[in-house]
Colleague: 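Pasting a structure here, questions to come.
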Amino acid sequence: MEADRGKVRLRPPRNALDQRVVGWWRLQGTLFWISPVLVLVLLGLLIPPARFWLLTPAAVFAVLGLVWVLAMPVWWFKVHRWEVTETAVYARSGFFWQEWRVAPMSRIQTVDTLRGPLQQMFKLATVTVTTASARGAVKIRGLDHELAASLAEQLTETTQATPGDAT
């Protein structure tokens with residue numbers, strides 16, 4: 001945050017995610033879009049009278065999926081940002097509706113890391129910072145797994161040393 005004539009302004013978080021996150025998101029998108037395409041193609045091949053009505057939507061889904069897989073991960077990579085300062089954890093994410101989340105150190109209750117099977121393939125991890133907020137945890141997805149472990153350790157140490165209502 002920057003002071004501007006006595007006002008505090010929120011500035012964009014400085015850190016980008018690891019570039020491997022684009023590949024991870026592309027693989028997730030491919031797995032999502034390929035399922036309906038394969039089902040429609042299989043049914044279209046097995047049911048000749050309905051072939052046109054099944055293969056046409058399969059082609060539409062395949063084109064939409066291809067556009068999504070090529071474009072969306074690049075866009076998300078440009079939008080998603082994160083930063084940890086002495087006072088808070090910041091994360092920005094989203095698509096059309098971008099969300100900025102700030103978790104003050106004094107409010108952090110737990111810090112977790114998660115590495116699903118696909119994340120492990122890309123050597124990535126998610127750091128989840130939980131507070132008492134009704135909005136839920138602040139999640140930073142797509143960090144290098146070693147950076148995520150180091151960040152979780154740093155946040156744990158910092159929150160233990162920070163007086164507040166979460167300890």
Colleague: Apply side-chain contact (heavy atoms from CB on, under 4.5 Å) to the pair Gln28 and Leu31, showing each step before the final yes or no.
Modeller: CA-CA 5 Å; Gln28 285 180 310; Leu31 294 173; 5.9 Å; no
Colleague: Are any non-hydrogen side-chain atoms of Asp18 and Leu143 less than 4.5 angstrom apart?
Modeller: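 Not touching, per the 4.5 Å side-chain cut-off.
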Colleague: In plain terms, say whether Arg92 and Glu83 are close enough for a salt bridge, that is, a side-chain N and a carboxylate O under 4.0 Å apart.
Modeller: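 Looking at Glu83 together with Arg92, the answer is no, because their closest N to O distance does not fall below 4.0 Å.
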Colleague: For the residue pair Trp75 and Phe95, is the inter-centroid distance of their aromatic rings smaller than 6.0 Å?
Modeller: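 So the answer is yes for these two rings.
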Colleague: Going from CG on Asp144 to CD on Gln19, what distance comes out if it is rounded to the nearest 0.5 angstrom?
Modeller: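 Nearest 0.5 Å value for the CG-CD distance: 12.0 Å.
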Colleague: Quick one: list whatever passes side chain to side chain contact (heavy atoms under 4.5 Å, CB included) with Phe52, sequence neighbours left out.
Modeller: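 Here the qualifying residues are Thr56.
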Colleague: Donor-acceptor pairs are to be reported for all side-chain atoms of residues 122-131 against protein atoms at under 3.5 Å, with residues two or more places apart or in another chain.
Modeller:
{"from": "Thr126", "atom 1": "OG1", "to": "Gln119", "atom 2": "NE2", "distance (Å)": "2.7"}
{"from": "Thr130", "atom 1": "OG1", "to": "Thr110", "atom 2": "OG1", "distance (Å)": "3.1"}
{"from": "Thr131", "atom 1": "OG1", "to": "Ser133", "atom 2": "N", "distance (Å)": "3.1"}

Colleague: Enter the distance from Ile140:CD1 to Thr113:OG1 here, rounded to the nearest 0.5 Å.
Modeller: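 Output value for this atom pair is 12.0 Å.
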Colleague: For residues Gly29 and Val69, report the shortest heavy-atom separation together with the two atoms involved.
Modeller: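 Of all heavy-atom pairs spanning Gly29 and Val69, the closest is C-CG2, 3.7 Å.
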Colleague: I'd like to know if the side chain of Arg107 and the backbone of Ala88 have a donor-acceptor N/O pair within less than 3.5 Å.
Modeller: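 Not confirmed, Arg107 side chain does not pair with Ala88 backbone.
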Colleague: Sort out for me which residue in Val74, Val67, Leu66 forms a side-chain contact (heavy atoms from CB on, under 4.5 Å) with Leu70.
Modeller: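 That would be Leu66; it is the only one of Val74, Val67, Leu66 passing the side-chain contact (heavy atoms from CB on, under 4.5 Å) with Leu70.
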Colleague: Evaluate the side-chain proximity of Glu86 to Thr158: yes if any heavy-atom separation is below 4.5 Å, no if none is.
Modeller: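 No. Closest side-chain heavy atoms not under 4.5 Å.
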Colleague: Please test Val84 against Gln154 for side-chain contact (heavy atoms from CB on, under 4.5 Å), starting from the C-alpha separation and ending with a verdict.
Modeller: CA-CA 10 Å; Val84 174; Gln154 172 195 346; 4.0 Å; yes
Colleague: If you link I, L, V, M, F, W and Y whenever their side-chain heavy atoms are under 4.5 Å apart, who else ends up in the same group as Leu114?
Modeller: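 Traced through the cluster, Leu114 reaches no other member.
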Colleague: Take Trp25 and Val21 through the side-chain contact (heavy atoms from CB on, under 4.5 Å) test and state the conclusion after the steps.
Modeller: CA-CA 6 Å; Trp25 285 331; Val21 76; 3.5 Å; yes
Colleague: Honestly curious: do Val60 and Val63 fall in one hydrophobic cluster under the side-chain, below-4.5 Å linking rule?
Modeller: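 Different clusters.
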Colleague: How far does CG of Leu17 sit from CH2 of Trp24, to the nearest 0.5 angstrom?
Modeller: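 Reported to 0.5 Å precision, the distance equals 9.0 Å.
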Colleague: I need the Leu42 CG to Leu55 CG distance, nearest 0.5 Å.
Modeller: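 These two atoms lie 10.5 Å from each other.
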Colleague: Rounded to the nearest 0.5 Å, what's the gap from CE on Met72 to CZ on Arg26? Could you check?
Modeller: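 CZ of Arg26 is found 11.5 Å from CE of Met72.
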Colleague: In chain order, what residues pass the ring-ring contact (aromatic ring centres under 6.0 Å, His included) check against Trp53, with sequence neighbours excluded?
Modeller: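 Trp53: no ring-ring contact (aromatic ring centres under 6.0 Å, His included) contacts found.
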Colleague: Are the side chain of Glu99 and the backbone N or O of Gly94 linked by a donor-acceptor pair below 3.5 Å?
Modeller: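 Not at all, since once roles are kept as given, no pair shorter than 3.5 Å links the two residues.
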Colleague: Before we go on, tell me: are the rings of Trp76 and Trp68 under 6.0 Å apart, centre to centre?
Modeller: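 Close enough - the centres of the two rings lie under 6.0 Å apart.
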Colleague: Sequence neighbours excluded, which residues qualify as side chain to side chain contact (heavy atoms under 4.5 Å, CB included) partners of Leu38?
Modeller: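 Side chain to side chain contact (heavy atoms under 4.5 Å, CB included) check on Leu38 returns Ile34.
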Colleague: For the side chain of Thr156 and the backbone of Ala152, is there at least one donor-acceptor N/O pair under 3.5 Å apart?
Modeller: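 Yes.
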Colleague: Do Met105 and Thr85 make a side-chain contact, defined as non-hydrogen atoms from C-beta onward lying under 4.5 Å apart?
Modeller: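 Counting from C-beta outward, Met105 and Thr85 never come under 4.5 Å.
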Colleague: Could you go through Ile108 and Val89, starting from their C-alpha distance and side-chain angles, then the distance that decides it, and tell me whether this counts as side-chain contact (heavy atoms from CB on, under 4.5 Å)?
Modeller: CA-CA 9 Å; Ile108 294 174; Val89 176; 3.9 Å; yes
Colleague: Using 0.5 Å steps for rounding, measure from the CG atom of Leu43 to the CZ atom of Arg51.
Modeller: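 Nearest 0.5 Å value for the CG-CZ distance: 11.5 Å.
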Colleague: Would you please name every residue forming a ring-ring contact (aromatic ring centres under 6.0 Å, His included) with Trp82, sequence neighbours left out?
Modeller: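 Once residues adjacent in sequence are excluded, Trp82 has no partner under the ring-ring contact (aromatic ring centres under 6.0 Å, His included) criterion.
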Colleague: Can you find a pair of side-chain heavy atoms, one from Trp100 and one from Pro12, that are under 4.5 Å apart?
Modeller: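 Trp100 vs Pro12: side chains touch.
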